[in-house]
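Below is one structure, written out as structure tokens; comments come after it.
Residue numbers start at 1 and run along the sequence shown.
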Amino acid sequence: TGLMGQSAWAQAYPEKPITMIVPFAAGGPTDTVARIFAQSMTGFLKQQVIVENVGGAGGTLGAARVARSEANGYTIFLHHIGQSTAPALYRKLSYNAADDFTPIGLVADVPMTLVARKDFPAKDLKELVSYVQANKDKITYANAGVGSASHLCGMLLMSAIKADLTTVPYKGTGPAMNDLLGGQVDFMCDQTTNTTGQIKAGKIKAYAVTTKAPVASLPNLPTASAAGLPGFEIAVWHALYGPKNLPKPVADKLQAALQHAVKDPMVKQKLADLGTEPVAPARATPAALDQFLRAEIVKWTRIIKAAGVYAD
Ligand code: MLT
């Protein structure tokens with residue numbers, strides 16, 4: 001279609017359902033955030049926003065799928081902090097984490113929790129740390145692959161306690177949680193969007209939250225900083241993207257849908273029950289995300305290179 005043709009379809013966007021790629025397995029924390037936002041954006045756009053889970057390689061397989069998708073707005077991408085750690089962890093990425101995407105905006109910052117199977121012998125964080133140090137070859141740490149938030153938290157934990165963990169990778173911490181509940185894996189660091197329900201049901205043991213401040217919906221949990229790991233802080237930011245070169249009318253429409261979602265009372269309520277909240281509207285913008293993502297890539301590249309951690 002000619003320029004007019006192209007702008008005609010872009011002006012009319014969306015005219016059919018939109019696929020939101022989530023780069024982790026269904027039932028995990030990223031999937032949970034995605035489905036809440038997809039529901040709100042569906043209402044605004046009057047077209048179904050359908051989540052498709054493309055797991056593997058710590059989220060980089062899903063990112064690669066989006067990077068090579070058609071720039072028509074019918075494939076969008078919800079990913080977290082892993083978008084900024086992958087460039088340092090994967091030396092042969094098939095995409096550029098900043099240049100091969102159109103930033104739509106930031107979505108939510110999610111706290112993490114240090115959790116273990118119900119009958120894990122440590123009674124508090126200090127005991128967990130010493131038990132891990134004393135049994136590091138025997139106990140197992142679950143994560144969602146190199147580049148996931150659970151992997152990143154594990155990397156920070158390993159350098160904080162000076163002990164290498166035996167890690168078990170999953171396509172997401174949804175499946176990892178199933179094994180934690182079944183006692184097939186010992187412990188993990190996972191987001192409150194996935195652990196809150198199991199903690200409140202008493203089905204897993206929780207030791208701390210990894211945020212600077214306590215999490216209101218998990219009042220009995222100390223911060224890791226206060227409970228024995230001074231300065232141990234990590235929160236998982238999430239953001240929304242399209243592939244690069246998204247036509248402006250399409251990007252603007254997606255931006256408007258995201259602005260609607262971060263103000264949506266349904267989104268606020270569901271996220272509050274899961275220990276988090278949508279970002280302020282001023283951060284749910286292309287410029288805010290582009291600037292933040294590029295700064296995060298610089299930050300984590302330095303930290304990861306210093307830790308000497310690689311995936312490939
Ligand atoms: C992660 O650790 O990054 C999470 O597993 C992502 C997810 O499963 O949603």
Tell me if a side-chain donor or acceptor on Thr211 pairs with a main-chain N or O of Pro214 at a distance below 3.5 Å. no
So, for Pro222 and Ala227, which heavy atoms are closest and what is the spacing to 0.1 Å? CG-CB, 3.7 Å
Do the side chains of Leu271 and Phe44 join up, straight or via other hydrophobic residues, at under 4.5 Å, putting them in one cluster? yes
Using the rule that Ile, Leu, Val, Met, Phe, Trp and Tyr join whenever any side-chain heavy atoms are under 4.5 Å apart, tell me whether Ile81 and Phe24 fall into a single cluster. no
Are Val262 and Val279 close enough that some pair of their side-chain heavy atoms sits under 4.5 Å apart? yes
A quick test of your reading: do over 12 heavy atoms of other residues, nucleotides or ligands sit less than 6.0 Å from CD of Glu15? yes
NZ-OG distance between Lys244 and Ser69, expressed to the nearest 0.5 angstrom: 11.0 Å
Applying side-chain contact (heavy atoms from CB on, under 4.5 Å) to Ile104 and Ile76, what does each step give before you reach the verdict? CA-CA 9 Å; Ile104 305 298; Ile76 57 177; 5.9 Å; no
If only atom types and distance count, is the side chain of Thr42 paired as donor or acceptor with the main-chain N or O of Val49 below 3.5 Å? yes
Distance check, rounded to the nearest 0.5 Å: Asn53 atom CG versus Met20 atom CE? 11.5 Å
Considering only heavy atoms from C-beta outward, does the side chain of Asn245 approach that of Thr102 to under 4.5 Å? no
Closest heavy-atom pair, Glu127 versus Pro121, reported as atoms and distance to 0.1 Å, is OE1-O, 3.8 Å
With a 4.5 Å cut-off on side-chain heavy atoms, are His80 and Gln191 touching? yes
Say whether, by atom type as modelled, one donor and one acceptor occur between the side chain of Gln133 and the main chain of Ile161 under 3.5 angstrom. yes
Below 4.0 angstrom, N of the basic side chain to O of the carboxylate: do Asp109 and Arg283 qualify? yes
For Thr173 and Asp190: C-alpha separation, side-chain torsions, deciding distance, then whether side chain to side chain donor-acceptor pair (under 3.5 Å) applies. CA-CA 7 Å; Thr173 47; Asp190 192 20; 2.9 Å; yes
If you look at every heavy atom in Leu246 and Ala71, which pair is closest and at what distance? CD1-C, 3.8 Å
Contact between Leu128 and Phe120 at the side-chain level, heavy atoms closer than 4.5 Å - yes or no? yes
Looking at Leu293 and Ser84, what are the two nearest heavy atoms and their distance? CD1-CB, 4.1 Å
Hey, could you give me the OG1/CD distance between Thr75 and Glu70, rounded to the nearest 0.5 Å? 8.0 Å
May I have the step-by-step check of salt bridge (charged side-chain N to carboxylate O under 4.0 Å, His left out) for Asp124 and Lys205, ending in yes or no? CA-CA 10 Å; Asp124 59 24; Lys205 233 178 201 177; over 6 Å; no
Would you tell me whether Ser225 and Thr223 have side-chain atoms, one donor and one acceptor, within less than 3.5 Å of each other? no
Please confirm whether the ring centroid of Tyr13 lies under 6.0 Å from the ring centroid of Tyr74. yes
Pairwise side-chain contact, Gln83 with Glu296, heavy-atom cut-off 4.5 Å (strictly under): no
Are the side chains of Tyr207 and Phe187 in contact, using a 4.5 Å heavy-atom criterion? no
Indicate whether the side chain of Asp100 and that of Asn96 have a donor and an acceptor atom separated by less than 3.5 Å. no
Atom CD of Gln291 and atom CG of Leu106: how far apart are they, to the nearest 0.5 Å? 10.5 Å
Using the side-chain contact (heavy atoms from CB on, under 4.5 Å) rule, take Tyr141 and Val168 through it: C-alpha gap first, then chi angles, then the decisive distance, then the call. CA-CA 6 Å; Tyr141 174 86; Val168 181; over 6 Å; no
Taken to the nearest 0.5 Å, the spacing of Met155 CE from Ser150 OG works out to 12.5 Å
Is any side-chain heavy atom of Gln39 less than 4.5 Å from a side-chain heavy atom of Val267? no
Cluster overlap Leu61 with Phe77, hydrophobic side-chain contacts below 4.5 Å: no
If you define the side chain from C-beta out and look only at heavy atoms, does anything of Val54 sit under 4.5 Å from Val22? no
Is it true that the side chains of Gln255 and His260 contain a donor and an acceptor less than 3.5 Å apart? no
Ignoring hydrogens and geometry, is there a side-chain-to-backbone donor-acceptor pair from Asp290 to Pro286 under 3.5 Å? no
Does a side-chain N-to-carboxylate-O contact under 4.0 Å join Asp264 and Lys268? no
hydrophobic_cluster_shared for Leu274 and Met266, side chain cutoff 4.5 Å: yes
To the nearest 0.5 Å, atom OG1 of Thr196 lies from atom CG of Leu218 at 4.5 Å
Which of Thr30, Ile21, Asp31 passes side chain to side chain contact (heavy atoms under 4.5 Å, CB included) with Val51? It is Asp31
Where do Asp179 and Tyr170 land on the side chain to side chain donor-acceptor pair (under 3.5 Å) test, with the steps shown first? CA-CA 10 Å; Asp179 275 6; Tyr170 294 80; 2.7 Å; yes
Given 3.5 Å as the limit, does a donor-acceptor pair link the side chain of Ser130 with the main chain of Lys126, or not? yes
Evaluate side-chain contact (heavy atoms from CB on, under 4.5 Å) for Met177 paired with Met188, printing each intermediate quantity in order. CA-CA 9 Å; Met177 180 60 81; Met188 74 174 166; 3.9 Å; yes
What are the two closest non-hydrogen atoms of Pro281 and Gln259, and how far apart are they? O-NE2, 3.0 Å
Using side-chain contact (heavy atoms from CB on, under 4.5 Å), reason through Gln48 and Ile18 one step at a time and then give a plain yes or no. CA-CA 6 Å; Gln48 281 292 327; Ile18 297 160; over 6 Å; no
What is the minimum heavy-atom distance between Leu180 and Asp186, and which atoms define it? CD1-O, 3.5 Å
Please answer whether the main-chain N or O of Val146 pairs with a side-chain N or O of Tyr90 as donor and acceptor at a distance below 3.5 Å. yes
Evaluate whether atom NZ of Lys305 has more than 12 neighbouring non-hydrogen atoms of other residues, nucleotides or ligands under 6.0 angstrom away. yes
Does the pair Thr192 and Thr113 meet the rule for a side chain to side chain donor-acceptor pair (under 3.5 Å), with working shown? CA-CA 6 Å; Thr192 53; Thr113 49; over 6 Å; no
